[in-house]
**Student:** 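Next up is a structure, given as structure tokens.
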Amino acid sequence: MNNTITERNFCCTREGLTIRGREYLPQGDRLPAVIISHGFGGSSKNLVEYGMALASWGYAAYCFDFCGGSAYGEGRSDGDSRDMTVQTECEDIKAVMQYIKKTPYVDANRVTLLGFSQGGFVSALVAAQCPDEVESLILIYPALCIPDHARSGTLANSSYDVNDVPELIDCGQMLISKKFHDTVVDMNPFDEISHYEGPVLLLHGTADEIVNCNYSIKAKEAYEPDQCHLQ
């Protein structure tokens, strides 16, 4: 307990896998909620300050580890990185959404998705797939470059032959599988995300060397003009 913020673990399941995370709760009922998603190879350990800040502003904040999505064994959720894809991460977010909507202290109609890098890409996809369940969207340097990186054989700083994709792709910090590549290689991310019609905030550094800020500029163009703000 930190003044009026309660911090505790939570878990839910997706296809037999346990998703583990931490919730940060201010006092009150029917709270607006924010689900915070880490990037490729990251974990919820990187998101504590965001959870605490959002809770201090009156939001129920949820940080969690994607199944198989963390490097060096840091993630607390079940799953193997070789089974993790962009689509499995979409399903993880949906499972967390369903979990929090059943809690008595969250307003099920006021859920925001906030994601960093790959977590931002996945959050944007989920918002487009479940537009009536997401009130707003915050994307911080979202990795909308992932399909292009698959097409060039450079997913997560790896290097492979796109005409002979290996079953396992070594990304240095973790192994991913050909399934990851196959899930995104034919995807147009801007078409995919454009189906969401709620408010979107895009935050992106112009010196980002991993995800070029042009991807966020193009994302803003994919949304309606008065729908999205890019900083």
Side-chain angles (χ1 to χ4, degrees), residues 9-22 35-48 50 62-97 113-126 129 139-189 192-193 204 208-212 215:
N9 294 329
F10 79 92
C11 65
C12 57
T13 60
R14 189 264 298 169
E15 296 174 11
L17 299 172
T18 298
I19 299 166
R20 297 179 178 88
R22 200 119 174 104
I35 297 173
I36 312 172
S37 297
H38 65 77
F40 181 89
S43 77
S44 58
K45 294 177 184 177
N46 313 131
L47 306 175
V48 174
Y50 294 93
Y62 294 82
C63 307
F64 69 99
D65 297 323
F66 284 111
C67 291
S70 301
Y72 310 117
E74 286 198 355
R76 296 186 302 139
S77 295
D78 292 350
D80 190 297
S81 65
R82 292 168 291 187
D83 297 318
M84 179 270 295
T85 68
V86 164
Q87 195 53 49
T88 67
E89 292 202 346
C90 286
E91 297 308 314
D92 288 348
I93 292 180
K94 292 173 187 176
V96 175
M97 285 172 58
L113 300 184
L114 185 161
F116 296 82
S117 196
Q118 181 168 304
F121 179 28
V122 173
S123 295
L125 291 173
V126 171
Q129 292 166 11
L139 308 177
I140 303 178
Y141 47 90
L144 297 160
C145 56
I146 286 175
D148 280 346
H149 288 182
R151 289 186 274 271
S152 63
T154 57
L155 279 172
N157 291 321
S158 63
S159 179
Y160 57 92
D161 182 353
V162 293
N163 297 310
D164 186 20
V165 180
E167 288 301 319
L168 292 178
I169 300 168
D170 187 354
C171 300
Q173 57 181 330
M174 57 199 281
L175 291 171
I176 59 174
S177 73
K178 184 175 180 291
K179 287 183 294 186
F180 189 113
H181 169 95
D182 292 344
T183 300
V184 294
V185 69
D186 295 322
M187 182 185 291
N188 181 327
E192 296 278 347
I193 67 173
H204 208 131
D208 193 326
E209 295 180 352
I210 299 173
V211 182
N212 191 289
Y215 283 95

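Numbering of residues begins at 1 and proceeds along the displayed sequence.
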**Student:** Would you say Phe64 and Ile35 make side-chain contact, with heavy atoms under 4.5 Å?
**Tutor:** yes

**Student:** Looking at every non-hydrogen atom in both residues, tell me the closest pair between Ala95 and Arg14 and how far apart they are.
**Tutor:** CB-CB, 4.1 Å

**Student:** Provide the closest heavy-atom pair for His38 versus Gly69 in the form atom of the first, atom of the second, distance.
**Tutor:** CE1-O, 3.6 Å

**Student:** Can you confirm whether Leu139 sits close enough to Ser123 that some side-chain heavy atom of one is under 4.5 Å from a side-chain heavy atom of the other?
**Tutor:** yes

**Student:** Check whether Ser81 reaches the backbone of Leu175 with its side chain - one donor and one acceptor, N or O, closer than 3.5 Å.
**Tutor:** yes

**Student:** How would you list, by chain and number, every residue that makes a side chain to side chain contact (heavy atoms under 4.5 Å, CB included) with Asp164, sequence neighbours excluded?
**Tutor:** Asp161

**Student:** Step by step, would you call Glu89 with Phe40 a side-chain contact (heavy atoms from CB on, under 4.5 Å)?
**Tutor:** CA-CA 10 Å; Glu89 292 202 346; Phe40 181 89; over 6 Å; no

**Student:** Do Ile210 and Tyr141 come within less than 4.5 Å of each other through their side chains, counting heavy atoms only?
**Tutor:** no

**Student:** Quick one: does any side-chain atom of His149 pair with a main-chain N or O of Ala156 as donor and acceptor, under 3.5 Å?
**Tutor:** no

**Student:** Show your reasoning for whether side-chain contact (heavy atoms from CB on, under 4.5 Å) applies to Arg22 and Ser44.
**Tutor:** CA-CA 8 Å; Arg22 200 119 174 104; Ser44 58; 5.8 Å; no

**Student:** Got a donor-acceptor contact below 3.5 angstrom from the Thr85 side chain to the Thr88 backbone?
**Tutor:** yes

**Student:** Would you say the side chain of Phe116 lies within less than 4.5 Å of the side chain of Asn46, judging by non-hydrogen atoms?
**Tutor:** no

**Student:** Within a reach of under 6.0 Å around OH of Tyr50, are more than 12 heavy atoms found that belong to other residues, nucleotides or ligands?
**Tutor:** no

**Student:** For Asp170 and Gly172, work out which heavy atoms get closest and say how close.
**Tutor:** OD1-N, 2.8 Å

**Student:** Determine, stepwise, if the pair Asn212 / Cys145 fulfils side-chain contact (heavy atoms from CB on, under 4.5 Å).
**Tutor:** CA-CA 8 Å; Asn212 191 289; Cys145 56; over 6 Å; no

**Student:** Roughly how far apart are Ile140 CD1 and Asp208 CG, rounded to 0.5 Å?
**Tutor:** 12.0 Å

**Student:** Please walk me through it: do Ile193 and Leu125 pass side-chain contact (heavy atoms from CB on, under 4.5 Å)?
**Tutor:** CA-CA 5 Å; Ile193 67 173; Leu125 291 173; 4.3 Å; yes

**Student:** With sequence neighbours excluded, what pairs up with Val165 under the side chain to side chain contact (heavy atoms under 4.5 Å, CB included) test?
**Tutor:** Tyr160, Ile169, Lys178, His181

**Student:** Go through the structure and list residues passing salt bridge (Lys or Arg N to Asp or Glu O under 4.0 Å) with Glu91, not counting sequence neighbours.
**Tutor:** Lys94

**Student:** Does atom CG of Asp80 have more than 12 heavy-atom neighbours, drawn from other residues, nucleotides or ligands, at distances under 6.0 Å?
**Tutor:** yes

**Student:** Considering all heavy atoms of both residues, which atom of Ile93 and which atom of Ser37 are nearest to each other, and what is their separation?
**Tutor:** CD1-OG, 3.5 Å

**Student:** Determine whether more than 12 heavy atoms belonging to other residues, nucleotides or ligands lie under 6.0 Å from atom CG of Leu168.
**Tutor:** yes

**Student:** Got Val211 and Leu144 here, is their nearest side-chain heavy-atom distance under 4.5 Å?
**Tutor:** no

**Student:** Hey, what do you get for OG (Ser158) to CD (Gln173), rounding to the nearest 0.5 Å?
**Tutor:** 11.0 Å

**Student:** Any side-chain to backbone donor/acceptor pair from Arg20 onto Arg76? Under 3.5 Å, distance only.
**Tutor:** yes

**Student:** Less than 4.0 Å between a side-chain N and a carboxylate O, is that true for Asp182 and Lys179?
**Tutor:** no

**Student:** What I'd like to find out is whether the side chain of Pro142 reaches to under 4.5 Å of the side chain of His204, using heavy atoms alone.
**Tutor:** yes

**Student:** With a 4.5 Å heavy-atom cut-off, do Met187 and Ile146 have their side chains touching?
**Tutor:** no

**Student:** So how far is it from Phe180 CZ to Arg82 CZ, rounded to the nearest 0.5 Å?
**Tutor:** 15.5 Å

**Student:** Are Ser77 and Leu17 side-chain neighbours, meaning at least one heavy-atom pair lies under 4.5 Å?
**Tutor:** no

**Student:** Between the main-chain N or O of Cys67 and the side-chain N or O of Asp92, is there a donor-acceptor pair closer than 3.5 Å?
**Tutor:** yes

**Student:** Within this structure, what is the CG-CG distance for the pair Asp78 and Asp83, rounded to the nearest 0.5 Å?
**Tutor:** 11.5 Å

**Student:** List the atom of Ala150, the atom of Val185, and the distance in Å for their closest heavy-atom pair.
**Tutor:** CB-CA, 4.0 Å

**Student:** Heavy atoms only: give me the nearest Thr18-Cys11 pair and the separation to one decimal.
**Tutor:** CG2-CB, 3.9 Å

